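Read through the structure below, which is laid out as structure tokens, and then see the notes.
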Number of protein chains: 2
Amino acid sequence: MEKQTATQIFESLSSGIRLDVYRLLIRFGKTGLVAGEIASTLNVPPTNLSFHLKALTQAGLLAVEQEGRFQRYRANIPLMLDLIAYLTEECCSGRPEECADFRSASSCCNDILPPLSTPST
Amino acid sequence: MEKQTATQIFESLSSGIRLDVYRLLIRFGKTGLVAGEIASTLNVPPTNLSFHLKALTQAGLLAVEQEGRFQRYRANIPLMLDLIAYLTEECCSGRPEECADFRSASSCCNDILPPLSTPST
DNA sequence: TCAATACTACAACAATAATTGAAATATTCA
DNA sequence: TGAATATTTCAATTATTGTTGTAGTATTGA
């Protein structure tokens with residue numbers, strides 16, 4: 001993972017609104033939610049929500065799919081696992097006995113979403 | 001974990017400099033590094049580094065310990081695991097078959113640092 | 001086609017964060 | 001004690017983000 005990708009992800013989750021959106025969408029897994037549902041659930045004006053959804057999507061944390069006149073958003077959970085792997089690269093380097101299973105944070109929910117470029121229907 | 005704690009952690013890691021600092025300190029595990037070593041390794045002016053170290057420490061990502069006239073910093077890795085758990089609370093709720101082992105991102109490196117309040121000597 | 005709906009893009013302003021240099025504090029060692 | 005070192009605090013400047021309203025695009029269904 002590129003450093004810029006990582007900082008963009010962290011930046012995305014550093015806003016209370018965006019963190020709420022991401023956590024909400026994690027709860028809705030494969031189903032996801034359309035923008036209007038997110039806005040009313042979290043009580044954020046649509047204009048403002050759109051701004052935050054764009055940031056999350058550009059960071060890769062959300063996948064968006066058009067559904068008639070709705071935009072359906074879903075959380076990209078595998079990206080979070082990549083991020084964790086990036087953070088812990090060379091964790092405790094040279095002292096493996098100190099650093100056993102951090103990286104076993106493996107592939108959960110990889111089946112929730114297909115790769116980001118081709119969201120499920 | 002409180003939402004504000006989580007956003008503070010993400011905010012901390014949304015700066016390239018701070019991300020470099022945290023990753024560097026993860027690599028140095030239990031040993032940690034003193035501020036001057038971090039500054040020269042990453043080529044950041046001490047004044048600026050101090051600003052970023054303070055942010056990381058306030059977020060709980062770093063523990064600091066005075067060592068004569070040096071300040072030794074160490075990464076708080078367990079906090080990252082708490083953060084991951086917070087993110088994935090209720091992940092895919094109601095559909096456990098979709099969400100198996102994300103939370104098995106368990107307790108690596110818990111022995112690197114004692115709880116943040118009492119840094120190792 | 002026309003009105004209604006869902007959402008986004010743009011522009012302006014307000015709020016917040018990053019960087020720097022100068023000065024302050026605290027520790028070491030001669 | 002006094003000079004040197006390590007780091008932080010403060011204040012000023014610059015840069016970046018967040019929020020809101022208005023206007024725009026795209027889809028639906030009468």
Side-chain angles (χ1 to χ4, degrees), chain A residues 3-22 24-25 28 31-75 119 121, chain B residues 3-22 24-25 28 31-75 119 121:
Chain A
K3 178 164 116 182
Q4 207 220 338
T5 308
T7 54
Q8 204 183 355
I9 294 170
F10 286 124
E11 208 275 316
S12 291
L13 297 172
S14 72
S15 136
I17 293 177
R18 291 193 296 262
L19 182 57
D20 284 344
V21 169
Y22 186 66
L24 179 65
L25 288 173
F28 280 85
T31 311
L33 290 174
V34 301
E37 290 172 324
I38 301 170
S40 60
T41 303
L42 300 179
N43 241 287
V44 177
T47 317
N48 190 12
L49 181 67
S50 184
F51 169 81
H52 291 298
L53 287 173
K54 188 178 166 188
L56 284 161
T57 305
Q58 277 179 352
L61 284 168
L62 300 186
V64 60
E65 182 195 7
Q66 183 143 14
E67 216 174 64
R69 65 182 127 168
F70 302 91
Q71 299 288 120
R72 181 166 297 271
Y73 286 89
R74 295 183 181 88
T121 321
Chain B
K3 180 164 115 183
Q4 206 219 337
T5 309
T7 52
Q8 203 184 355
I9 293 170
F10 286 125
E11 207 275 315
S12 291
L13 296 171
S14 71
S15 136
I17 292 177
R18 290 194 293 263
L19 182 56
D20 284 343
V21 169
Y22 186 66
L24 179 65
L25 287 174
F28 280 84
T31 310
L33 289 174
V34 301
E37 290 171 326
I38 301 170
S40 61
T41 303
L42 301 179
N43 242 288
V44 177
T47 319
N48 190 14
L49 181 66
S50 184
F51 169 83
H52 292 297
L53 288 173
K54 188 179 166 188
L56 284 161
T57 305
Q58 278 180 351
L61 285 169
L62 301 186
V64 60
E65 181 195 9
Q66 183 143 16
E67 216 173 64
R69 65 181 129 171
F70 302 90
Q71 300 286 120
R72 182 166 298 270
Y73 286 89
R74 295 182 181 87
T121 320

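As the structure is a prediction and not an experimental result, all values here were calculated from the model. Labels below follow one simple rule: chain letters A, B, ... track the order of the sequence lines, proteins then strands, and each chain is numbered from 1.
Partner of A/Ile17 under the side-chain contact (heavy atoms from CB on, under 4.5 Å) criterion, out of A/Leu53, A/Leu56, A/Asn48: A/Asn48 alone.
Although no hydrogens or angles enter the test, the distance criterion places no donor-acceptor pair under 3.5 Å between the side chain of A/Arg74 and the main chain of A/Phe28. Put simply, the side chain of B/Gln66 gets close to the backbone of B/Gly68: a donor and an acceptor are under 3.5 Å apart. Between the side chain of A/Ser50 and the backbone N or O of A/Pro46, no donor-acceptor pair lies under 3.5 Å.
Here CD of B/Gln71 is found 9.5 Å from OG1 of B/Thr57. Values are rounded to the nearest 0.5 Å. If you take CG on A/Leu42 and CZ on A/Arg18, they are separated by 13.5 Å, rounding to the nearest 0.5 Å.
B/Arg72 places its CZ atom 14 Å from the P atom of D/dT8, with the value rounded to the nearest Å. Nucleotide D/dT19 holds its C1' atom 16 Å from the CG atom of A/Asn43, rounded to whole Å. If you take CZ of A/Phe70 and P of C/dA4, they are 17 Å apart, rounded to a whole angstrom. If you take CD of A/Glu65 and P of C/dT8, they are 14 Å apart, rounded to a whole angstrom. One atom, CG of B/Leu56, and another, C1' of D/dT8, lie 16 Å apart when rounded to the nearest Å.
Side-chain N/O atoms of A/Tyr73 include one lying less than 4.0 angstrom from OP1 or OP2 on C/dT8.
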### Query
When every nucleotide of nucleotides 17-30 of chain C is labelled 5' to 3' by its protein contacts under 4.0 Å (heavy atoms), B for base, S for sugar-phosphate only, - for none, what sequence of letters results?
-BBBBB----BS--
